[in-house]
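These notes concern the structure reproduced below.
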There are 2 protein chains.
Amino acid sequence: MSTAPKPKKRVTITDVAQHAGVSTAVVSRVLRNAYGVSAAMQERVRAAMAELDYRPHAAARGMRGRTYTIGVLLDNIRNSFFADILEGIRDQLHDSDYTVLIGAAGFGADNQARTIRAMADRQMDGLILIAPGTPRSEVLAMASTTPTVVIGHHDSADVHDSVVDADGIGAGLVVDHLVSLGHRRIALVASPGTKSSLWKRTPEIVLTEGYLEAMERHDLADRAQVFHAAYSDDGGYKAGMRLLTSPEPPSAIMTGADVAALGVYRAAHELGLTVPDDLSLAGYNNTALAALTPVQLTSVDQAGHTMGAAAAKMLIERVEGHRDRAMQTTMTPRLVVRSSTSGPRTVT
Amino acid sequence: MSTAPKPKKRVTITDVAQHAGVSTAVVSRVLRNAYGVSAAMQERVRAAMAELDYRPHAAARGMRGRTYTIGVLLDNIRNSFFADILEGIRDQLHDSDYTVLIGAAGFGADNQARTIRAMADRQMDGLILIAPGTPRSEVLAMASTTPTVVIGHHDSADVHDSVVDADGIGAGLVVDHLVSLGHRRIALVASPGTKSSLWKRTPEIVLTEGYLEAMERHDLADRAQVFHAAYSDDGGYKAGMRLLTSPEPPSAIMTGADVAALGVYRAAHELGLTVPDDLSLAGYNNTALAALTPVQLTSVDQAGHTMGAAAAKMLIERVEGHRDRAMQTTMTPRLVVRSSTSGPRTVT
DNA sequence: GAAGTTTTAGAGAACGTTCTCTATGAGAAG
DNA sequence: CTTCTCATAGAGAACGTTCTCTAAAACTTC
């Protein structure tokens, strides 16, 4: 009698229907809280579902209708700003019927494109793309078939929603702060961006614009200096090394990401410079990194949690068909001053 | 003529079959590299697939066979040790047919259980659970129907595979290091763990055991002191405050996670103590945090990348049926000494 | 109380795969 | 030249939902 070790048959909608003495159509309607089923029936079906511990088979649903799954595309799990966004998304969707699944594609447009496609193949109901490096055309194509929210890029389109931070204003806040402290030679370290991704208004581009405008506003346009480096410890380090060993080194450096600021810090440290006495340093995004006691980095807060929540809310509106026109939400950044910025040693 | 704006019909296996002039069964076989199709046919079908830009419908596959999706359960995206593991998984699976999707459940056994169920509902082929807080029974039940690898917990089971770090040895390495520097009053800050999750050998429990054994080995059993606190900045802060304001404060504190060590750092800082002069501090996991210039935390490296890769490899073996017996992989930790530990000011 | 309207319930066809059969043909063995 | 085997190809039934119909029942309204 060694047979039949796995009688674990899945409970299906048919079982529930039988148990409740109704048709599968009714059960399906209850499942989707669809119109056209009496209160008494509802009750009966729900009871049957509970009794049998029924759980809908997502793959089967995906064949016909929704999968009740939201996909989030992320390039970099290490960026804790993205973690803030994610938590916002999760909190917003917490007691909805939707499940959030994350595709951590890593950098590289091809990897990201592959992940986006994988999500589409899995019939996800909606997509949230955080600063995608994939060519814009591909995102637009995707968005025309699946509700999509793009976070970060300022390029607006009528086919997807967007959530952005006013990065230009954020850059201005930092410049204003540094200028008010007495700095004049202020350099910016920004991401080089993905070449030929065809996004014209990425966060780093808008940030750079804001920086240049602010410098101009303070009559410092001739001292403006933008250095392109990856948003990583290493990228920041290289940028710091180059900037700080130049003939006329800046007295303050701002970066487009906190982690890059820490790379600059490392470079400064190696060159025997102390922060903030010899160099004022500001990051961006106000991640957990910036707040750590040994770090205490001045940064710009972007309310990632709120951005994530907004994105999720907008996406669901689209998924459920409550809205058919694209919209864009812009967040206002806020400067958070910590001890990595102070007046310059000597005014240049 | 305003009709038919969306002729974007999905390319299905039937289209491919027609285009290649074969049956759908053959296409399906080619898709799964299954046995029983001639080389010539293969060629023809593949050409047709490429020509039509066919991509399999994951939901439909899920109804019958595999979904070619691997689910990873994570409690906390912020823990960069988990990011290491994830990258290991991703690299291992990079050019396989599988897609990795992450469920970031957050803390709380119920949330995690919900996420695990959601993954199962989506017919994922295999699950990697990173230090799940879900009751063990539930994980075992899940594992009996879906191939599963548990990372972190040392409890072995014949129903799922495991990848663990020899946390006991790791704790010993830190104690040995601190003792060799002259410390005798060494405290451990470890996670309280989830009560009643029924895991008997969680990382923190094994770590604590290793710590106690090492202390005993050095005849310091009477000085051993374990403080339970969450692995977060705040948890570390509270632990640090309590420990450092006690009548006989430790001269060295080790924690089970880097982030908690930084919380202790903050407490020390507020109390006017400097690291490492007044207090030696060691973390665990050797995350990116520990290596940051302003931090420079002594820590224990766990080779997260390798753990992730090992887990992925084991899981695929199971999914593809190449192995039917459970196995456990153990990694050896390595001490990484940085500047947060040094000899004590006065030997107590 | 007849005719029309609305609401609710059920039948049954999709959806795009996989998979178990059965059919066919080619080669091997007698 | 049969018969048997084996490899390959195709037919068609699942899989668990959703969704469009149609049927029946319950109200309106005159």
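Just so we're on the same page: letters track the sequence lines, and every chain starts at 1.
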Sequence-distant partners of [X], side-chain hydrogen bond (donor to acceptor under 3.5 Å, both in side chains), two or more places apart:
X	answer
A:R318	A:D161
B:D15	none
B:R90	none

Write out a two-atom table: protein N or O, nucleotide N or O from nucleotides 22-28 of chain D, distance below 3.5 Å.
none

Would you find a donor on one side and an acceptor on the other, under 3.5 Å apart, between the side chain of [X] and the backbone of [Y]?
X	Y	value
A:T148	A:H160	no
A:W199	A:T134	yes
B:R44	B:A20	yes
A:R66	A:E320	no
A:Q112	A:G133	yes

* To do: Would you indicate whether the side-chain heavy atoms of B:P132 and B:H153 approach each other to under 4.5 Å?
  => yes
* **Side-chain H-bond candidate by donor/acceptor type, B:T69 with B:R122, under 3.5 Å** => no
* To do: Mind running a 4.0 Å heavy-atom check of residues 33-52 of chain A against DNA chain C and sending the residues that fall below it, in number order?
  => A:Y35, A:G36, A:V37, A:S38, A:M41
Kindly give the atom pairs (protein nitrogen or oxygen, nucleotide nitrogen or oxygen) under 3.5 Å for nucleotides 16-22 of chain C.
| from | atom 1 | to | atom 2 | distance (Å) |
| --- | --- | --- | --- | --- |
| C:dT17 | OP1 | B:Y54 | OH | 2.8 |
| C:dT17 | OP1 | B:H57 | N | 3.3 |
| C:dT17 | OP2 | B:I13 | N | 2.7 |
| C:dT17 | O5' | B:Y54 | OH | 3.2 |
| C:dT18 | OP1 | B:R61 | NE | 3.1 |
| C:dT18 | OP1 | B:R61 | NH2 | 3.3 |
| C:dT18 | OP2 | B:S28 | OG | 2.6 |
| C:dT18 | O2 | B:R64 | NH1 | 2.5 |
| C:dC19 | OP2 | B:R32 | NH1 | 2.9 |
| C:dC19 | O4' | B:R64 | NH1 | 3.4 |

